[in-house]
Structure formats: C-alpha cells, structure tokens
Amino acid sequence: MSNLSSINKADISDFEKRVYLALLKVPKGQVVTYGALAKLAGFPGAARAVGSAMNKNPFAPSVACHRVVRSDGSVGEFAYGTKRKIAMLRKEGVRIEKERITDFKEIKIA
DNA sequence: CTATTGACGACAT
DNA sequence: CATGTCGCCAATA
C-alpha cells in the first residue's frame, strides 16, 4: 500500500487528508511549522487544528509528523514524546539544541 | 446548534 | 529568554 492511496481511502475528514498529503511533500532533513503546513494544505490559520490532526495521525511512520514544529523554533509536542521527536529529527540531520531548532530561521519552509 | 478541546501563533510582560 | 493571555480553527461531545 502506498502512503498516498491509504490516505485517500482512509475514512477521515478532507481537512486531515490534505494535511497529511501536504506533509508528504516535506523532504527528510527539513521541517515545517504547523502554520505553514496548514497553509500548504489549503487551510491558512488552522495551525492548531493541524496539531490535532497530527495527534490522531493514523499513518504513524508513513506520514512524517515529527517534521512539524512550532513557529517559535521549539520542536513542539509529539505523540510518542518530545524526546523521541528530537531524536528522530537529529537523525535526519536537523540541528537542535535544548528543544530548539538551531538554524530555524534558515530552515523554515515557505 | 452550542460548548469544549488541543502536537498552535502573535504579542505583551 | 521564559511565561501568560488571547485569538484561531477544525473536530467532537
């Protein structure tokens, strides 16, 4: 099952589908803010709602929900623990220091 | 339909 | 830099 087909078939809201699909575009080693992702998904301003969607995340490893961070540079929450989230991001090459993205200003996607 | 809830965000203190 | 407040949005009760 490819990620894309499972998502499209999944019994979830259109909002969530778009968010998950948009997140698939974010390459490894790069991060997006909840707000930016919301915008990419076509729901500008729905940063908080995106967070809720990530929390549900029915496609755990497939959808890289750990690449979504806060606009202030902090990594934000994670269903399996912030600690875990940071570890995964570092493994992908994202530089983090004290729960904060070091060169966040340069990393953040439009 | 209204009220509550949260992996957020901008700003003030 | 660390909190607190208030606003925001879609999901859910």
Side-chain angles (χ1 to χ4, degrees):
Chain A
M1 278 290 206
S2 72
N3 304 326
L4 216 142
S5 63
S6 332
I7 294 178
N8 282 319
K9 279 195 167 190
D11 182 26
I12 55 179
S13 69
D14 183 63
F15 170 72
E16 295 193 352
K17 282 182 190 172
R18 295 203 187 213
V19 173
Y20 297 135
L21 289 172
L23 180 52
L24 292 178
K25 298 180 190 172
V26 181
K28 172 176 140 187
Q30 209 168 4
V31 296
V32 224
T33 61
Y34 291 92
L37 181 55
K39 187 177 179 183
L40 287 174
F43 293 79
R48 207 164 183 177
V50 166
S52 298
M54 293 299 104
N55 187 23
K56 296 176 187 173
N57 183 25
F59 318 95
S62 308
V63 175
C65 51
H66 61 278
R67 293 183 196 148
V68 189
V69 301
R70 287 185 179 169
S71 63
D72 64 356
S74 58
V75 297
E77 308 264 322
F78 190 61
Y80 300 93
T82 303
K83 195 90 177 176
R84 206 49 180 264
K85 187 170 180 176
I86 293 177
M88 296 175 76
L89 286 174
R90 282 197 173 132
K91 195 170 181 180
E92 295 188 353
V94 180
R95 284 159 68 253
I96 301 174
E97 198 174 307
K98 306 268 190 189
E99 315 229 336
R100 299 258 165 181
I101 310 270
T102 306
D103 42 5
F104 182 61
K105 290 176 182 174
E106 318 215 0
I107 293 181
K108 80 176 177 183
I109 300 177

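Letters A, B, ... mirror the listed sequences (proteins, then strands); counts begin at 1.
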May I have the distance from [X] (atom [atom1]) to [N] (atom [atom2]), rounded to whole angstrom?
X: A:K17; N: C:dA10; atom1: NZ; atom2: P; result: 17 Å
X: A:Y34; N: C:dG7; atom1: OH; atom2: C1'; result: 19 Å
X: A:Y20; N: C:dA10; atom1: OH; atom2: P; result: 15 Å
X: A:I12; N: C:dA10; atom1: CD1; atom2: P; result: 16 Å
X: A:N55; N: C:dC9; atom1: CG; atom2: C1'; result: 16 Å
X: A:M54; N: C:dA11; atom1: CE; atom2: P; result: 12 Å
X: A:D14; N: C:dA10; atom1: CG; atom2: P; result: 11 Å

Note to self: What's A:T82 touching, base or sugar-phosphate or nothing? Going by heavy atoms closer than 4.0 Å.
What the structure shows: nothing
Are [X] and [Y] connected, step by step, through hydrophobic side chains (Ile, Leu, Val, Met, Phe, Trp, Tyr) whose heavy atoms are closer than 4.5 Å?
X: A:M88; Y: A:I101; value: no
X: A:F15; Y: A:L24; value: yes
X: A:I96; Y: A:F78; value: no
X: A:M54; Y: A:L4; value: yes

Notebook entry, point to check: Does A:R18 CZ have over 12 foreign heavy atoms under 6.0 Å away?
Noted result: no
Check: What residues in residues 42-51 of chain A put a non-hydrogen atom under 4.0 Å from any atom of DNA chain B?
Finding: A:A47, A:R48, A:A49, A:G51
Margin query: Going 5' to 3' along DNA chain B, between which two nucleotides do contacts with chain A fall, using a heavy-atom cut-off of 4.0 Å?
Written below: B:dG6 to B:dA10
Notebook entry, point to check: Quick one: is C:dA11 close enough that its OP1 or OP2 comes under 4.0 Å of any side-chain N or O from A:S13?
Noted result: yes
Checklist line | Closest heavy-atom pair and its distance - A:E77, A:Y34 | finding: O-OH, 3.7 Å
Next item on the list: Work out which heavy atom in A:C65 is nearest to a heavy atom in A:N57; give both atom names and the distance.
Entry: SG-ND2, 3.1 Å
Next item on the list: Could you please spell out the steps behind the side-chain contact (heavy atoms from CB on, under 4.5 Å) verdict for A:V94 and A:V69?
Entry: CA-CA 12 Å; A:V94 180; A:V69 301; over 6 Å; no
Check: Quick one: does A:V26's side chain get under 4.5 Å of A:V31's, heavy atoms only?
Finding: no
